[in-house]
Every structure is written in C-alpha cells, then in structure tokens.
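The structure appears below as structure tokens.
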Amino acid sequence: MAVLSNSFPAASPSFLATVLLLHLFISEFGLLQEGAALGINYGQVADNLPSPDKVAILLQSIKVTKIRIYDTNPQVLTAFANSGIDLTVTLANELVSQMVDPQQALQWVSTQIKPYVPATKISGISIGNEVFTSNDTQLMTNLVPAMASIYSALVQLGLDSSVHVSTSNSLAVLVNSYPPSTGSFRSDLAGLIEPMLQFLVQTSSPFWINAYPFFAYKGDPTTVPLGYVLFEPNGGMVDPYTRLHYDNMLYAQVDAVIVAMARLGFGGVEVRVSETGWPSKGDPDEYGASMDNAESYNRNLLRRQLENEGTPLRPSQRLEVYLFALFNEDMKPGPTSERNYGLYQPDGTMVYDVGLADIATGSTSVSLASHGSKVSSPCFSFPFNIALVRPT
C-alpha cells in the first residue's frame, strides 16, 4: 500500500496563478457533461454470481446506464447487447506488452470488440489497470505504445469515434495530493506519464483514477474526520493556495490529479473516477469498514452524481464516477474488505440500500448546495501522511 506525502512544497506565484486561471476558465467555459448517468464496476472474481443476462436485467431495473468490466468476457458482451447500458472494457495487464505489435492489436480489436458493436455499447477500453504502480518496468514502458496500437486498430476498423482508449491509474501515481493545489506526479513516473497525457490529448480521452477515501480514514481514524470522507455535513478544508473549499476528500483527490497534470502542461484533460467505494465489512484493523459507513458513502456519492456535480476546481464539468462494486466477490484475495465492496449479494439481494430503487422510480429528491465556494479560513488540516490507495 502506497503512502502519499502531505508535505507542502513551495509553489511559485506563476504556477499558482496558472492554477487559478485554469479554475476560472473551466468554471466559466468548461463543457457540461451529459445528464446524470450512474456508473458501477461489475467485477466477477467469484464463483456464485448470477449469469450476465440476469445482471443486465438487474442493472436495467435500477437504471444503471454505465458499467466497467475487467476483461472482454464474451458472455457479458453478448448479454448486454441492446440493453442501452454503456460498457468500458479492460485489456488485462498480462496482454499489454503483446499489444505493442500493431498486428496483434488489430487482431485483438477485431475479435474482442468489433463483433459486439454497435449492439453492445462499448465506449471505452482500459489498457491495463494500475500499470504505473505495478513495479513491472517492461509493462510500464509498453503501456503507451500498446494504447497507441489499440487506438490505431480502432481507426482502421472505423471505431475510433465511438470507443476511447485510456488506462486506470492508482492514486499512488501522485507524490503529493494534499492540499490539492500541490498535486504532483512521482518523479520516477513523470517521464512515462507525460507521453500518456499527450496521447489522451491527441485522442480526446479521459484520465482514469482509482480513488478510495476509505484508506485515508482507515490509516488514521482519530484524525481524519469521518464526515469529510463520507460526504456527510462537515466543516471541510480549505486549500491554502487556491482558497477553494472542499467538503469531501474524493473531490480533493480528483483536483490534486488535475493540478498534477497541469504541472506537466496538460491541464485540460478530463479526469474520471474509474473506481471508488467503501467496504461494508473488514478485518478488526480495518477501521471504518462497516455497513453504515458503506451505505453513507455510496448513497451520498450517488446523490451528488444525480446533481451533475463537478469538483471545486472544475465546478461546471460533471465528474463521472464508477462505484466499486456491483457484487460482493467471494474469491478476491486480500483482507476481508476486498470481498465486501458490493452493493449486492450474489443472490441479488441488497447488502444495504443506497436508494437505487428510488432513483429508478424517479422518486428521489435531492437538494445540495454548491461545493466550490471560497472561504476565508481553513476548517481543518491533516498533519500526517495518508495511505490513499487500495492494495493490489
């Protein structure tokens, strides 16, 4: 598990001015995203899950319109045909290096993607998952060339206008994330991340981040305010450089990524949250892993998704978020929490109720204030290092 420093590196006036100008530009002229769309991760590391066709029916019944899967399982892709549900699929880490070869990439897209579209709405391909923090030098080096080969294959097959190519990143690619205005990438990764950002700009693709405030609370439950990580009413914190007020940690983490990209000259890339969630059960030392906290985190986040909220740095650009996960997965390795992120049990019953039934029937009433206001004084600070990422 990686630890992110909370040190406050000196920020030059010119850089701070750039950040503020970026904020003002996006606030006033940034494009609003399409209407509310609920996203969720559909993992399958289990031996007792319902069939993909039943999963598709479940998701349609609760009005989930976007999912991410961790492979290109043909049963899933077939089951979701004509469902109206948008899919982001994943090329497994062990296949990334093969895709450097353009012919192999063309063969993969021809067999794993093209036969299923347009009936199945595949809108994105994640090339690997958390590659830059895998400690596999060859894999890390091959990532961007593989992304380029897959994109070229999509172009050849006439699919590039409907399917974007990106990769999901652990928050551990950052060396600083607090306060958000000090966000910066690890120096040993900057040389690899910069070409990826250039690719994302050239192909109009988003930067995907896996972000888990749960791990910050688990790491220091006596100091990290629970309300701040759960989106509950709280005093929040103020970035001392931008003076922006944050009432939850997830938005602060996303803005730290935006600033890190701006430092490398890529401040206009959209950030999307590929994974975030909260476990309903954990080991004795996994502080905060409980049914009540999981329900609060996911319910509050879903409400904000319905409001099309952006972050304080990009308030006019809706933050796209995918909850982790749809089901509890009984075969996942690691601590107890890893098997208990699901909204549903494998038998289709809810682990807890986050209000999806209300959303499906249109009876949800949401009223939230703006979360991008500036205030005159900080409300709390974190004088410590925080573990912010899921173990892999």
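Please read these numbers as outputs of a predicted model, since none were measured by experiment.
To the nearest 0.5 Å, atom CD of residue Q156 and atom NZ of residue K114 are 11.5 Å apart. A distance of 15.0 Å separates CG in L250 from CZ in F214, rounded to the nearest 0.5 Å.
Side chain of N234 to main chain of D247: a donor-acceptor pair is present (N/O by atom type, distance under 3.5 Å, no hydrogens or angles). Checked by atom type and distance alone, the side chain of S149 never pairs as donor or acceptor with a backbone atom of A146 at under 3.5 Å. At least one donor-acceptor pair closer than 3.5 Å links the side chain of E286 to the backbone N or O of S337. A side-chain donor-acceptor contact under 3.5 Å links S61 to the backbone of L58. Proximity of a side-chain donor or acceptor of N248 to a complementary backbone N or O of V229 within less than 3.5 Å is not detected.
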Can you list, pair by pair, the side-chain donor-acceptor contacts under 3.5 Å of residues 73-80, counting residues two or more places apart and other chains?
residue: N73; atom: OD1; partner: Q75; partner atom: N; Å: 2.8
residue: N73; atom: ND2; partner: Q44; partner atom: OE1; Å: 3.4
residue: T78; atom: OG1; partner: P74; partner atom: O; Å: 2.8

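Just one of L95, V100, D101, V96 meets the side-chain contact (heavy atoms from CB on, under 4.5 Å) condition when paired with Q98; it is L95. Here the options are D239, L174, V175, N176, the test is side-chain contact (heavy atoms from CB on, under 4.5 Å), and the partner is T182; only N176 passes. Between F132 and the options D188, L189, L139, a side-chain contact (heavy atoms from CB on, under 4.5 Å) holds for only L189. For the pairing with L200, the side-chain contact (heavy atoms from CB on, under 4.5 Å) check across S205, P206, P195 returns one residue only, S205.
S83 meets the side-chain hydrogen bond (donor to acceptor under 3.5 Å, both in side chains) test with no other residue; sequence neighbours excluded. Not a single ring pair (Phe, Tyr, Trp, His ring centres under 6.0 Å) links F185 to another residue, sequence neighbours left out.
Among all heavy-atom pairs drawn from V351 and M291, the shortest one is O-SD, 3.3 Å. The shortest heavy-atom contact between A256 and S177 is CB-O, 3.6 Å. Of all non-hydrogen atoms in V271 and M261, the two that sit nearest each other are CG2-CE, 3.4 Å. The shortest non-hydrogen separation linking P115 to S110 is CD-O, 3.1 Å. M147 and V165 get closest at one heavy-atom pair: O-CG1, 3.9 Å.
Under the 3.5 Å distance criterion, with hydrogens and angles disregarded, a donor-acceptor pair is assigned to the side chains of D53 and S51. For the residue pair N210 and S168, no side-chain donor N or O sits within less than 3.5 Å of a side-chain acceptor on the partner.
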